[in-house]
Amino acid sequence: MTTELARMAVIAGGLSNEREVSLRSGRRAQYALGQVGIEAALYDADETLLTRLADDGISAAYLAVHGASGEDGSLQTALDLAGIPYVGSTPGACHLAWDKVVAKVLVSRAGVATPAWAAVSARSFRELSTTQLVRSVLDEIGLPVVVKPAKSGSTLGMSLVETAADLPAALVRCFTFGDLALIERYIVGSTIETVVVEEAGKVTALPPAEFANPDVSPFSFEARYGADLISIVLPAPLPETVLDAVSRTAETVHTVLGLRDLSRTDVVVDAEGTPWFLEAAISPGLTETSVLPLAAAETGRPLGALLRDLLVTAQRRGATR
């Protein structure tokens, strides 16, 4: 693909709980683009962002903002209104992927397996009998379960609950990150992340990667982003038929949720080789413990080249508006 970029931005930071991770991703994107000859300016997603982008004549932007401010569609809406092309999904698709409950409903309707679940609001937790609520949830789902915010990322507010007595405390912790908790049956298996790239209308899964934290909790934010605490195996050490099933699942999720350009699908593969959908991310990370740079390299395509080509596509979309 011919490079036609004039001025390009990497947008990172913002005010979410994932600000520091986002800045790491942004710096990685800026460096990778520099490796392929694209001088990209790094912009913080603050109150001056739109003015600075317009004043600087930005022709396309790569979004490395994680958390609500970058993945719930708010930033994308602002950029659309300002007429600034960007890599990534439309605001509507962002809304669908960011809400884990909605995403689970949509992908399950498409035939994708997803763990049994229940959604509990902070209000119902306060106003109803906690004992009865816990009993009803566990009668329906069983133990163990994973409790996590319905609208969040990066394991923030997430807990593994193995006894009924521990569920209320897990919900309280979860509600510090949002007012809706997703309680999901815990599936024993391999945690697999798969990045999907969409180019020229073709949706293609990159090699799936397995995350292994043998000595620490997989629900720890520190473990998820500590390069010395996590092991990433790529491609995942699974039979070819299972890897194919994981890839097809990620491509289906990308398509069903209406995502664009890039996405990442997280699944757990059980002992029978079934991929169970957990969530989708519209802004895959670029840190030392992120799959996207490794998966791109596995296909022989440098990260900078991939980001450059996606930016060319975004700029062309903007030119046709």
Are the side chains of Asp44 and Leu49 in touch, meaning some heavy atoms are under 4.5 Å apart?
no
Strictly by modelled atom types, are [X] and [Y] linked by a side-chain donor-acceptor pair under 3.5 Å?
{"X": "Thr249", "Y": "Thr252", "result": "no"}
{"X": "Thr90", "Y": "Arg260", "result": "no"}
{"X": "Gln30", "Y": "Arg27", "result": "no"}
{"X": "His254", "Y": "Thr265", "result": "no"}
{"X": "Ser74", "Y": "Thr77", "result": "no"}
{"X": "Glu71", "Y": "Ser283", "result": "no"}
{"X": "Asp139", "Y": "Ser136", "result": "no"}

Ring center gap for Tyr62 and Tyr86 short of 6.0 angstrom:
no
Kindly work out whether a path of hydrophobic side-chain contacts (I/L/V/M/F/W/Y, heavy atoms less than 4.5 Å apart) joins [X] to [Y].
{"X": "Leu306", "Y": "Val36", "value": "yes"}
{"X": "Leu278", "Y": "Ile192", "value": "no"}
{"X": "Leu96", "Y": "Val107", "value": "yes"}

Heavy-atom pair with the smallest gap, counting every atom of [X] and [Y]:
{"X": "Glu184", "Y": "Pro115", "answer": "CG-CB, 3.5 Å"}
{"X": "Ala170", "Y": "Val147", "answer": "O-CG1, 4.0 Å"}
{"X": "Leu75", "Y": "Ile11", "answer": "CD2-CG2, 4.4 Å"}
{"X": "Ala209", "Y": "Val291", "answer": "CB-CG2, 3.8 Å"}

Counting only N and O atoms by type, is there a donor-acceptor contact under 3.5 Å from the side chain of [X] to the main-chain atoms of [Y]?
{"X": "Ser22", "Y": "Gly13", "answer": "yes"}
{"X": "Arg308", "Y": "Leu33", "answer": "no"}
{"X": "Arg185", "Y": "Ile141", "answer": "yes"}

Here the gap from Leu307 atom CG to Ile38 atom CD1, rounded to the nearest 0.5 Å, amounts to 10.5 Å
